[in-house]
Amino acid sequence: MNDLTNDFDIVIVGAGIGGICAALAASRLHSKVLLIEKMSEIGGTGVHAAIALVCKFRDHDGRCVNTGIHKELFPQAYQNTGLTFDEETVSSYDEQELKETYHRLIQKEKNLTVWTDCEVDAVQVEDGNIRSVTITGSKQTRVFGRVFLDGTADGNLSALAGAEFQKGREKDGKMQMATVTFKLTGFDPSLFKVKDVTSWGCFFWLEETLKPYYMAMKQRTNSTNMRQGVLAFPYPDGKAFLFNSTAVNDVDPTIPGSVESAFEIGKVQVYELVEAIREHPAFRDAKIETIFTKLGVREGRRVVGDYMLTGEDCLQVRKFEDMVAACAYDVDVHDPDGEKNHQEYMTILPSPGYYHIPYRSLIAKGFGNLLLSSRCISGTFEAHASYRVMSGISAIGEAAGTAAAVTVKSGFSDVRMVSADEIRYILQTRGQFVEGPVKETHVLVK
Ligand SMILES: Cc1cc2nc3c(=O)[nH]c(=O)nc-3n(C[C@H](O)[C@H](O)[C@H](O)COP(=O)(O)OP(=O)(O)OC[C@H]3O[C@@H](n4cnc5c(N)ncnc54)[C@H](O)[C@@H]3O)c2cc1C
């Protein structure tokens, strides 16, 4: 007999955007949900390795293809309706506000329990189903569930369960470079040529203006930073910039010590970069307000699922009968061999500018009750370089949480028994963008 306090309908491991969206979606469908996070605070990469930019979620006609929980998280970004760059405001967010929004939405959910400082370090599997997970940290216990979701980004839960996975690009297993991000204040916008700090025009002006200072520093030093330019995104209030502009190669988050040593290298790059740009008069008194404490890791394991989404699927803007999410972001490979200018490493999606993510890519192959709700879904290196952004991952998380709740409420023994049109019905009822037929379900939608 299980201890009822440790017995949940749905157990989600990892509280980044994917895990949190999954938890909200499942809890709103009246499932008893546990969200487990190893850090002392929820939020994952988007909060603790903040990145500021809300990546593209509109098709080429300006239609939003992620309108579910993503819209609740980033309401301001949905007010920017234009599609032309220069005068338009950069859609950005403040990580503290995002964290508060997560807490506000979670607090409304009486069916949702969140445990932080808890790391899942063992998984008990019986007959192709996860039965329970063992936790260390602030709670030392074993937790039982009917459906388990991998929100760990790196596929940690799936790997512990023995699921098949892939890492890196096909030819040599190398992964995209990692980044230490930081927040900079104290600059003088009156010395900027483009005065509206929050506009794309200013972003491009800064990119062009700061590059020579950065490149000169690279020439004089032995900098390990492989970037060929400077990327700085404005905070929504225009009072700070988020620099996504360091690059550490050969990071593998699944190898102990790799992230820690990369973080130290990245921090050196932060100081070099800031020293270099302080040579520009507008940045003479600039201050590093925060170096984010989590290394920004772009990829880890990609769990093999019932279908592996490919780069070709993205670039052919493929539609799937079992679509449960969509992604409008381009294929953005931060080349492990050394970076090019950011315009060169993006492959823009052709018209209409978005593709479908099939339900099968969220189901771990060989398991009846393991769903993927973070960037570890089943896809190739190239496809992952597109859907890994927060708009894509929030939609994936929301779909996975919905599928898990339908599985539990229907008493299904396998997540494959849920049909994509039932999932779409619920997502659509909640305001999420879906395409394809929908089938009404008996599951109570609030
Ligand atoms: C440098 C960088 C720049 C980026 N730029 C952008 C951008 O501009 N715009 C954009 O939209 N996206 C951007 N992205 C991508 C995006 O931020 C991430 O891919 C996305 O946030 C990942 O969300 P996630 O939920 O999959 O994982 P994460 O947010 O990484 O969350 C995973 C969570 O799982 C937890 N965890 C792991 N293992 C365990 C365990 N065993 N037990 C318990 N908890 C565990 C981790 O602590 C973490 O909190 C960027 C990413 C990086 C790294």
Side-chain angles (χ1 to χ4, degrees), residues 11-23 34-57 66 70 73-74 77 90-93 95 98 102 114-123 133-139 143 149-161 175-182 227 231 233 242-248 251 253-254 259 262 266 292 294-302 327-329 332 334 342 372-377 384-394 396-397 400:
V11 176
I12 302 169
V13 184
I17 192 163
I20 293 172
C21 289
L34 174 65
L35 178 62
I36 304 169
E37 170 55 49
K38 70 177 176 184
M39 290 183 73
S40 54
E41 182 59 88
I42 61 165
T45 299
V47 169
H48 304 290
I51 45 182
L53 182 67
V54 181
C55 275
K56 225 161 85 185
F57 55 86
N66 302 117
H70 186 259
L73 300 177
F74 304 103
V90 177
S91 290
S92 66
Y93 72 94
E95 68 285 346
L98 177 61
Y102 283 147
V114 182
W115 289 352
T116 52
D117 269 326
C118 287
E119 178 164 0
V120 168
D121 72 347
V123 177
V133 294
T134 306
I135 294 171
T136 55
S138 66
K139 292 189 199 302
V143 174
L149 271 65
D150 193 335
T152 66
D154 294 330
N156 297 335
L157 173 69
S158 306
L160 286 168
M175 294 186 238
Q176 295 190 58
M177 50 188 59
T179 295
V180 173
T181 57
F182 63 98
R227 299 266 184 163
L231 284 189
F233 297 101
L242 187 292
F243 280 73
N244 173 352
S245 218
T246 64
V248 186
V251 181
T254 70
V259 165
F292 290 97
K294 183 174 164 70
L295 179 71
V297 175
R298 288 187 173 78
E299 63 178 301
R301 299 183 191 88
R302 304 183 316 273
C327 180
Y329 191 59
D332 177 9
H334 291 252
H342 84 269
L372 310 166
S373 65
S374 56
R375 64 163 156 73
C376 66
I377 69 159
H384 167 275
S386 168
Y387 59 69
R388 69 182 175 85
V389 295
M390 293 206 290
S391 46
I393 300 301
S394 64
I396 285 166

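In listed order, ligands and their atoms are each counted from 1.
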*When you measure from the side chain of Thr246 to the backbone N and O of Val180, does any donor-acceptor pair fall under 3.5 Å?*
yes
*With a 4.5 Å heavy-atom cut-off, do Asp154 and Glu299 have their side chains touching?*
no
*Closest protein heavy atom (residue, atom, distance) for atom 43 (C) of ligand 1*: Lys38 N, 3.4 Å
*asked:* Tell me the protein heavy atom at minimum distance from atom 3 (C) of ligand 1, and give that distance in Å.
replied: Ile51 CG2, 3.2 Å
*Please identify which atoms of ligand 1 are closer than 4.0 Å to at least one heavy atom of Glu119.*
41 (N), 42 (N)
_Using a 4.0 Å cut-off to any heavy atom of Gly44, which atoms of ligand 1 qualify?_
29 (O), 31 (O), 49 (O)
*asked:* Enumerate the salt bridge (Lys or Arg N to Asp or Glu O under 4.0 Å) contacts for residues 37-57, please, sequence neighbours excluded, ordered by first and then second residue.
replied: Glu41-Lys99, Lys56-Asp330
*In Å and rounded to the nearest 0.5 Å, what is the NE2 to CE distance from His334 to Met177?*
8.5 Å
*Atoms of ligand 1 close to Arg375 [distance to a heavy atom under 4.0 angstrom, numbered from 1]*: 19 (O), 26 (O)
*Which heavy atom of the protein is the closest neighbour of atom 46 (C) of ligand 1, given with residue, atom name and distance?*
Glu37 OE2, 3.5 Å
*Determine whether the side chain, the backbone, both or neither of Val13 has a heavy atom under 4.0 Å from any heavy atom of ligand 1.*
side chain
*Would you call the rings of His384 and Tyr387 parallel, tilted or perpendicular, where under 30° means parallel and over 60° means perpendicular?*
perpendicular
*Short question: side chain of Arg227, backbone of Asn244 - any donor-acceptor pair under 3.5 Å?*
yes
*Check the pair Asp121, Thr134 against side-chain contact (heavy atoms from CB on, under 4.5 Å), reporting the backbone distance first and the verdict last.*
CA-CA 6 Å; Asp121 72 347; Thr134 306; 4.2 Å; yes
_From Phe233, Tyr102, Phe74, residue fulfilling ring pair (Phe, Tyr, Trp, His ring centres under 6.0 Å) relative to Tyr93_ = Phe74
*Would you say Ser138's side chain and Thr116's backbone share a donor-acceptor pair under 3.5 angstrom?*
yes
*Would you indicate which of Thr179, Ile396, Val120 comes nearest to atom 41 (N) of ligand 1 when only heavy atoms are counted?*
Val120
_Using a 3.5 Å distance criterion without hydrogens, assess whether the side chain of Ser386 forms a donor-acceptor pair with backbone atoms of Tyr329._
yes
*Using heavy atoms and a threshold below 4.0 Å, how should the contact between Ile20 and ligand 1 be classified: side chain, backbone, both, or neither?*
neither
*Pull out every atom of ligand 1 sitting under 4.0 Å from any heavy atom of Arg388, numbered as shown with elements.*
14 (N), 15 (C), 16 (C), 18 (C), 19 (O), 20 (C), 50 (C), 51 (C)
*Looking only at non-hydrogen atoms, find the nearest pair between Ile135 and Cys118 and report the distance.*
CG2-CB, 3.4 Å
*Can you find a non-hydrogen atom of Ala178 under 4.0 Å from ligand 1?*
no
_atom 27 (O) of ligand 1 [closest protein heavy-atom partner, distance rounded to 0.1 Å]_ = Ala153 CB, 3.2 Å
*Can you find a heavy atom in the side chain of Met390 that is under 4.5 Å from one in the side chain of Leu73?*
no
_Protein heavy atom at shortest distance from atom 1 (C) of ligand 1_ = Arg298 NH2, 3.3 Å
*For atom 9 (N) of ligand 1, find the nearest protein heavy atom and state the residue, atom name and distance (0.1 Å precision).*
Leu53 O, 2.8 Å
*Heavy-atom contact under 4.0 Å between Gly151 and ligand 1?*
yes
*Does Thr181 use its side chain to pair, donor to acceptor, with the backbone of Ala50 at less than 3.5 Å?*
yes
*Atoms of ligand 1 less than 4.0 Å from Gly296 heavy atoms?*
53 (C)
*Mind checking whether Asn156 contacts ligand 1 via backbone (N, CA, C, O), side chain (CB onward), both or neither, at a 4.0 Å heavy-atom cut-off?*
side chain
*Heavy-atom contacts with Asn244 under 4.0 Å: which atoms of ligand 1 show up? List them by number with element.*
3 (C), 5 (N)
*Would you say the side chain of Arg388 lies within less than 4.5 Å of the side chain of Asp332, judging by non-hydrogen atoms?*
yes
*Per-atom contacts, ligand 1 versus Gly18 - under 4.0 Å to a heavy atom*: 25 (O)
*Please work out which of Gln176, Glu299, Met390, Lys56 has its closest non-hydrogen atom nearest to atom 11 (O) of ligand 1.*
Met390
*Between Cys376 and ligand 1, find which residue part has any heavy-atom pair under 4.0 Å and reply side chain, backbone, both or neither.*
neither
*Residue and atom name of the nearest protein heavy atom (relative to atom 23 (O) of ligand 1), distance in Å to one decimal*: Ile17 CG2, 3.6 Å
*Which bit of Val389 gets closer than 4.0 Å to ligand 1, counting heavy atoms only: side chain, backbone, both or neither?*
both
*Looking at Thr45, which atoms of ligand 1 are within less than 4.0 Å of one of its heavy atoms?*
17 (O), 21 (O), 28 (P), 29 (O), 30 (O)
*Given Ile396 and Arg375, is the side-chain contact (heavy atoms from CB on, under 4.5 Å) satisfied, shown in steps?*
CA-CA 9 Å; Ile396 285 166; Arg375 64 163 156 73; over 6 Å; no
*Nearest to atom 34 (O) of ligand 1, what protein heavy atom do you find, and at what distance?*
Gly14 CA, 3.2 Å
